[in-house]
K.L.:
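Let me begin by handing over the structure; questions about it come next.
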Amino acid sequence: MRLVTYRSSVEAEARLGVLQGDLVVDVESLGEDLGLALPRSMLDLIDLGPVGLSRLAEALAGCDGRFAAGTAFPSVNVRLLAPIPRPRKNIFGIGLNYVEHVAESAQSLDTSKDLPKQPVIFSKPPTTVIGPGDAIEHNARITQQLDWEVELAVIIGATARRVGRERALDHVFGYSVMIDVSARDNRRAGQWIFSKGQDTYAPFGPCIVTADEIADPHGLDLWLTVNGVEKQRSNTRHMLFDVPTLISDISSGITLEPGDIIATGTPEGVGAGRTPQEWMWPGDVVEACVEGIGTIRHPVVAV
């Protein structure tokens, strides 16, 4: 399933929907029409576990593409939000997780040229998250080096504590797209959270594709453009540490809970790694895509 969080109007509350062709089906309203208890938010659905997804899938199958009035809306008439507009915890970011990105970072960002022996983990606060079409803020008083990073996002569906690699994917709810925005001139004594954790620095969406529809998260093309010019293109098979390894490593000391998000790292092609270096500026438009999931597009604005 392709799950979204949306608003049907400016004043309306955020609602859980599922994409069915050109329609967004409101999950709670679908349940009310069928006499079923279905959730109204993405986190509520994730909390239900496999039972919730099975119940929703059965309800959709029973409708056979025919939905009662007020239950489904043309997707062009709604506004998509971040799939989880307000994560419960910080996003787990993974640095230096593609070999070529390790090399370009060593040349331009004073990181080690040696491949990491363990995942490099940082975090992005919940306030970094913005949804499709929302603006990335450029604060010239703080940064002159605003950079882009396209990433596959992994959404946890079941509590993972000290999980081995062989069982790690059983804990995945689904996958999405994230841009890890970074103010490269805001790193502080090797610490990244201020550089990567400012407001609007985690564009996220357009949907969550449930794990059953992504047969292999390590075979997905991903790319990013700025003003229509391609800057990054790679495939998730080039990750240094794959998704099971990331889940196993993080959960060895930090419990992963339903709704937690892991941004799995970016390939080469970031602005800091270019000659000469390139940055995002007000008026730019950045677009990022992961194969099989979708595309997000964001303007950069001055604040």
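In what follows, every heavy atom counts, from backbone to side chain, and hydrogens, waters and symmetry copies are set aside.
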K.L.:
Please name the pair of heavy atoms, one in D147 and one in A272, separated by the smallest distance, quoted to 0.1 Å.
P.N.:
OD2-N, 2.9 Å

K.L.:
May I ask you to check whether D249 and S252 show a side-chain donor-acceptor distance below 3.5 Å?
P.N.:
no

K.L.:
Nearest 0.5 Å please: distance from the NZ atom of K196 over to the CG atom of N186.
P.N.:
11.5 Å

K.L.:
Can you measure from OG1 (T275) to CD (Q277) and round to the nearest 0.5 angstrom?
P.N.:
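Spacing of OG1 (T275) from CD (Q277) equals 7.5 Å.
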
K.L.:
Tell me the salt bridge (charged side-chain N to carboxylate O under 4.0 Å, His left out) pairs involving residues 75-97, sequence neighbours left out?
P.N.:
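Non-adjacent pairs meeting salt bridge (charged side-chain N to carboxylate O under 4.0 Å, His left out): D47-R88, R79-D134, K89-E257, K89-D260.
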
K.L.:
Surrounding CZ of R165 (heavy atoms of other residues, nucleotides or ligands, distance under 6.0 Å), is the total greater than 12?
P.N.:
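Yes - once you tally the heavy atoms of other residues, nucleotides and ligands closer than 6.0 Å, there are more than 12.
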
K.L.:
Counting only heavy atoms not in E230 (residues, nucleotides, ligands), do more than 12 fall under 6.0 Å from its CD?
P.N.:
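Buried by this count: over 12 neighbours within 6.0 Å.
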
K.L.:
Decide whether V301 and I142 are clustered together by the hydrophobic rule: side chain heavy atoms of Ile, Leu, Val, Met, Phe, Trp, Tyr closer than 4.5 Å, transitively.
P.N.:
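Each belongs to a different hydrophobic cluster.
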
K.L.:
Side chain to side chain contact (heavy atoms under 4.5 Å, CB included), that's the test. Do H218 and V243 meet it? Break it down for me.
P.N.:
CA-CA 8 Å; H218 311 106; V243 174; 3.6 Å; yes

K.L.:
How far does CZ of F204 sit from CD1 of I130, to the nearest 0.5 angstrom?
P.N.:
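Rounded to the nearest 0.5 Å, the CZ-CD1 separation comes out at 12.0 Å.
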
K.L.:
Is the CD atom of Q118 crowded by more than 12 outside heavy atoms at less than 6.0 Å?
P.N.:
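Atom CD in Q118 is not crowded, with 12 or fewer foreign heavy atoms closer than 6.0 Å.
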
K.L.:
Take atom CG in D22; do more than 12 heavy atoms of anything else shown fall under 6.0 Å from it?
P.N.:
no

K.L.:
Under the criterion side chain to side chain contact (heavy atoms under 4.5 Å, CB included), I'd like the reasoning laid out for L48 against L56: C-alpha separation, chi angles, the key distance, then a yes or no.
P.N.:
CA-CA 11 Å; L48 290 175; L56 176 55; over 6 Å; no

K.L.:
Which side-chain N or O atoms in residues 28-36 pair as donor and acceptor under 3.5 Å with protein atoms at least two apart or in another chain?
P.N.:
| unit_1 | atom_1 | unit_2 | atom_2 | d |
| --- | --- | --- | --- | --- |
| E28 | OE1 | R15 | NH1 | 2.8 |
| E28 | OE1 | R15 | NH2 | 3.0 |
| E28 | OE1 | R40 | NE | 3.3 |
| E28 | OE1 | R40 | NH2 | 3.3 |
| E28 | OE2 | R40 | NE | 3.2 |
| E28 | OE2 | R40 | NH2 | 3.2 |
| S29 | OG | D26 | OD1 | 3.0 |

K.L.:
What distance separates T128 OG1 from I91 CD1, expressed to the nearest 0.5 Å?
P.N.:
4.0 Å

K.L.:
Treat each ILVMFWY residue as a node, draw an edge where side-chain heavy atoms are under 4.5 Å apart, and state whether M178 and L96 are in one component.
P.N.:
no

K.L.:
One thing to verify: whether R237 and E291 come together as a salt bridge, which I'm taking to mean a side-chain N less than 4.0 angstrom from a carboxylate O.
P.N.:
no

K.L.:
Honestly curious: do L23 and M1 fall in one hydrophobic cluster under the side-chain, below-4.5 Å linking rule?
P.N.:
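In one cluster with L23: M1, yes.
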
K.L.:
Which heavy atom of G17 sits nearest a heavy atom of V24, and at what distance?
P.N.:
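Shortest heavy-atom contact: CA-CG1, 4.1 Å.
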
K.L.:
Checking L45 against V27 for the side chain to side chain contact (heavy atoms under 4.5 Å, CB included) test, could you report, in this order, the C-alpha distance in whole Å, the side-chain angles of both residues, the deciding distance, and whether it holds?
P.N.:
CA-CA 10 Å; L45 178 62; V27 171; 5.8 Å; no

K.L.:
Work out which heavy atom in R55 is nearest to a heavy atom in A37; give both atom names and the distance.
P.N.:
NH1-O, 3.1 Å

K.L.:
Hey, could you give me each pair passing ring pair (Phe, Tyr, Trp, His ring centres under 6.0 Å) that has a residue in residues 116-150? Not counting sequence neighbours.
P.N.:
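For residues 116-150: F122-W192, H138-W281.
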
K.L.:
Taking all atoms of both residues into account, what is the closest heavy-atom pair of C289 and T295, and its distance?
P.N.:
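Between these two residues, the closest heavy atoms are SG-OG1, 3.3 Å.
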
K.L.:
Scan for salt bridge (charged side-chain N to carboxylate O under 4.0 Å, His left out) pairs involving residues 204-213, sequence neighbours excluded, and state none if there are none.
P.N.:
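Every pair satisfying salt bridge (charged side-chain N to carboxylate O under 4.0 Å, His left out) with a residue in residues 204-213: there are none.
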
K.L.:
When hydrophobic residues are tied together by side-chain contacts of less than 4.5 Å, even through go-betweens, does I262 share a cluster with I46?
P.N.:
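No, it is not one cluster - the side chains of I262 and I46 are not joined through contacts under 4.5 Å.
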
K.L.:
Salt bridge (charged side-chain N to carboxylate O under 4.0 Å, His left out) with K124: which residues, sequence neighbours excluded?
P.N.:
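If we apply the salt bridge (charged side-chain N to carboxylate O under 4.0 Å, His left out) test to K124, skipping adjacent residues, the hits are D180.
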
K.L.:
Can you give each donor-acceptor pair under 3.5 Å made by side-chain atoms of residues 219-229, sequence neighbours left out, with the distance rounded to 0.1 Å?
P.N.:
| unit_1 | atom_1 | unit_2 | atom_2 | d |
| --- | --- | --- | --- | --- |
| D221 | OD1 | N235 | ND2 | 2.8 |
| N227 | OD1 | V285 | N | 2.8 |
| N227 | ND2 | D284 | OD1 | 2.9 |

K.L.:
Between K231 and R274, what is the shortest heavy-atom contact and its length?
P.N.:
O-NH2, 2.5 Å

K.L.:
Look up atom CG in L38 and atom CG in D44, then write down how far apart they are to the nearest 0.5 Å.
P.N.:
11.5 Å

K.L.:
Kindly compute the distance separating CE (M42) from CD1 (I155), expressed to the nearest 0.5 Å.
P.N.:
8.5 Å

K.L.:
If I compare all heavy atoms of T143 with all of Y201, which pair ends up nearest, and what's the gap?
P.N.:
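Heavy atoms of T143 and Y201 come nearest at CG2-OH, 4.1 Å.
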
K.L.:
Mark yes when over 12 heavy atoms from residues, nucleotides or ligands other than R297 sit less than 6.0 Å from its CZ; otherwise mark no.
P.N.:
no

K.L.:
Run the numbers on T5 and S41 for side chain to side chain contact (heavy atoms under 4.5 Å, CB included), then give the verdict.
P.N.:
CA-CA 7 Å; T5 298; S41 78; over 6 Å; no

K.L.:
Hey, quick one: are I208 and L53 part of the same hydrophobic cluster, counting side-chain heavy atoms closer than 4.5 Å, chains of contacts allowed?
P.N.:
yes

K.L.:
Is any side-chain heavy atom of V181 closer than 4.5 Å to one of M280?
P.N.:
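In contact.
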
